[in-house]
Amino acid sequence: GVGTLIVVLAAEWTSTRAVAGDTDSAERWFVDHAARIRGVRRVVAAFDRHVWGGAMIGFALVTVLMATLQNASAADARWDHQKGTSLSLILDGQKLWTYHYAAKDNVPYFHPVNLPNGPTLTNFAPKDHPWHRALWFCWKTVNGVNYWEWAQPKKPGATELDPDGVPAGWTRFSGNETVETDADGARIAMDIHYGTGDTVVLKEKRRIVAGVPRADDSYTIDWHMTFTAQDREVLLDRTPPGPTAGGYAGLSYRAPDNITQVRVIDSEGRTGMDARGPKSRWVDASGVIDPQFGPSGLAIICHPKNERY
């Protein structure tokens with residue numbers, strides 16, 4: 001079968017107001033559009049609520065992971081929680097995914113993200129970009145400070161960055177951790193702080209809801225994020241998009257190095273490098289990670305309530 005990781009992004013720039021999304025219409029939209037991307041037969045969208053608020057910006061993310069399971073059930077799953085460090089879903093002895101959030105990790109991330117009885121979709125700290133964290137959220141620059149790449153070179157005068165270094169701007173789990181698990185899934189809530197030196201410039205309330213595999217052979221990982229500026233204005237920026245690089249920030253994904261037969265298409269029908277850069281409602285990337293499992297991929301879909309949708 002075909003396994004797909006679908007990421008739906010909903011965001012709104014606002015002041016101090018909170019807005020509740022239309023759960024039913026959002027889910028209907030998602031199912032309709034996801035089915036058109038690659039003929040996906042089973043889709044689960046957990047649009048329970050989108051809420052935006054805070055002193056500067058509000059943000060919500062929904063990630064839906066779909067996979068073909070082999071008669072999975074909630075009874076086959078268990079949770080491994082290491083307080084202050086990680087949470088894993090174990091299915092039939094296989095680690096389906098792990099969410100890492102220890103402060104020492106520089107930025108919280110998911111790795112591995114596996115298809116049940118299938119390949120690993122994520123790539124952690126590849127040699128060419130050791131700051132790539134599989135499936136993770138990271139700003140590029142905040143007030144001109146780099147939060148993305150590691151800052152320290154391996155030796156004085158070198159241009160190659162140290163994979164064991166840290167960014168000039170840091171993204172850290174800062175406490176207020178709440179993890180609840182049961183037969184239906186896990187609910188994670190925590191505070192994430194962004195800063196440089198000893199100064200916190202941005203605070204995030206993050207909530208992740210992760211379900212166990214359902215009867216229709218799918219499971220979900222839903223992200224909800226709210227950001228609040230601290231004692232001064234915050235400018236969130238990125239490098240300008242170029243023909244082959246730049247323009248990156250936010251929720252990010254790194255595929256395995258061994259992926260082949262890569263296919264990229266966006267909502268306007270553009271393919272390959274032509275789909276890179278122009279605005280679109282969604283973009284889908286797929287390929288073969290392990291020939292015995294066939295194609296797997298990831299789609300990022302812009303939620304229709306986004307200001308620039």
Item to complete: Give the cluster check for M190 versus V179: same hydrophobic cluster or not, with ILVMFWY residues linked at side-chain heavy-atom distances below 4.5 Å.
Response: yes
Checking R207, K205, R206 against D191 for salt bridge (Lys or Arg N to Asp or Glu O under 4.0 Å), the one that qualifies is K205
Is the ring pair Y147/Y194 parallel, tilted or perpendicular, if the boundaries are 30 and 60 degrees?
tilted
Closest heavy-atom pair, G84 versus E177, reported as atoms and distance to 0.1 Å, is N-OE1, 3.0 Å
**Report entry** Expected output: side-chain R238 to main-chain G247 donor-acceptor under 3.5 Å
**Finding:** yes
OG of S286 to CG of L121, rounded to nearest 0.5 Å, is 11.5 Å
Identify whether the distance between the nearest side-chain nitrogen and carboxylate oxygen of K95 and D92 falls below 4.0 Å.
-> no
(Q) Can you confirm whether E149 sits close enough to P167 that some side-chain heavy atom of one is under 4.5 Å from a side-chain heavy atom of the other? (A) no
- Message: Side chains of R232 and N143, heavy atoms from C-beta outward: is any pair under 4.5 Å?
- Response: yes
Parallel, tilted or perpendicular, as decided by the 30° and 60° cut-offs, for the rings of Y248 and W148: tilted
Here the gap from H129 atom NE2 to S252 atom OG, rounded to the nearest 0.5 Å, amounts to 11.5 Å
Using the six-membered ring wherever Trp is involved, compare the ring planes of F124 and H111 and label them parallel, tilted or perpendicular (cut-offs 30° and 60°). parallel
What I'd like to find out is whether the side chain of L236 reaches to under 4.5 Å of the side chain of V234, using heavy atoms alone.
yes
Taken to the nearest 0.5 Å, the spacing of S88 OG from Q94 CD works out to 12.0 Å
| Ignoring hydrogens and geometry, is there a side-chain-to-backbone donor-acceptor pair from T122 to V113 under 3.5 Å? | yes
CG of N106 to CZ of F173, rounded to nearest 0.5 Å, is 15.0 Å
Task: L115-V288 co-clustered via ILVMFWY side chain contacts under 4.5 Å - done: no
**Check: V283 and S267 side chains under 4.5 Å, non-hydrogen atoms** = no
Closest heavy-atom pair, T196 versus G169, reported as atoms and distance to 0.1 Å, is CB-CA, 4.5 Å
Correct closest heavy-atom pair for L91 and P116 would be CD2-CB, 4.0 Å
- Item | D284 side-chain N/O to I265 backbone N/O, donor-acceptor pair under 3.5 Å | no
Rounded to the nearest 0.5 angstrom, the CG-CG distance for L135 and N123 is 12.5 Å
When rounded to the nearest 0.5 Å, the distance separating OG1 of T98 from CG of D80 is 7.5 Å
**Asked** Counting heavy atoms not belonging to D128, are there more than 12 under 6.0 Å from its CG?
**Response** yes
Exercise for the section: State, with a plain yes or no, whether a side-chain heavy atom of I192 is found less than 4.5 Å away from one of T171. Expected result: yes
Query - T228 backbone acceptor or donor facing Q230 side chain under 3.5 Å - result: yes
Notebook entry, point to check: If you measure from the Lys or Arg side-chain nitrogens to the Asp or Glu carboxylate oxygens, is any gap between E268 and K279 under 4.0 Å?
Noted result: no
Salt bridge (Lys or Arg N to Asp or Glu O under 4.0 Å) between R276 and D266, worked out: CA-CA 9 Å; R276 187 189 184 282; D266 70 8; over 6 Å; no
Exercise for review: Look at D105 together with R172 and state whether they make a salt bridge at an N to O cut-off of under 4.0 Å.
Suggested key: no
Tell me whether the centres of the aromatic rings in F110 and W97 are closer together than 6.0 Å. yes
query: Counting distance only, does the side-chain N/O of R133 pair as donor-acceptor with the main-chain N or O of P130 below 3.5 Å?
result: yes
**Hphob cluster co-occupancy, L202 + V200, side-chain heavy atoms under 4.5 angstrom** = no
Tell me whether I90 shares a hydrophobic cluster with Y101, the cluster being built from Ile, Leu, Val, Met, Phe, Trp, Tyr side chains joined at under 4.5 Å.
no
Is a side-chain donor or acceptor of W170 paired with a backbone partner of G197 at a separation under 3.5 angstrom? yes
Could you go through the side-chain hydrogen bond (donor to acceptor under 3.5 Å, both in side chains) check for N146 and T141 one step at a time?
CA-CA 5 Å; N146 191 345; T141 65; over 6 Å; no
Check for a donor-acceptor pair, side chain of N258 on one end and backbone N or O of I289 on the other, with a separation under 3.5 Å. yes
- request: Would you mind reporting whether W136 and P108 have side-chain heavy atoms less than 4.5 Å apart?
  value: no
### Task
Could you walk me through whether W139 and F227 pass the ring pair (Phe, Tyr, Trp, His ring centres under 6.0 Å) test, one step at a time?
CA-CA 12 Å; W139 297 111; F227 298 91; 5.5 Å; yes
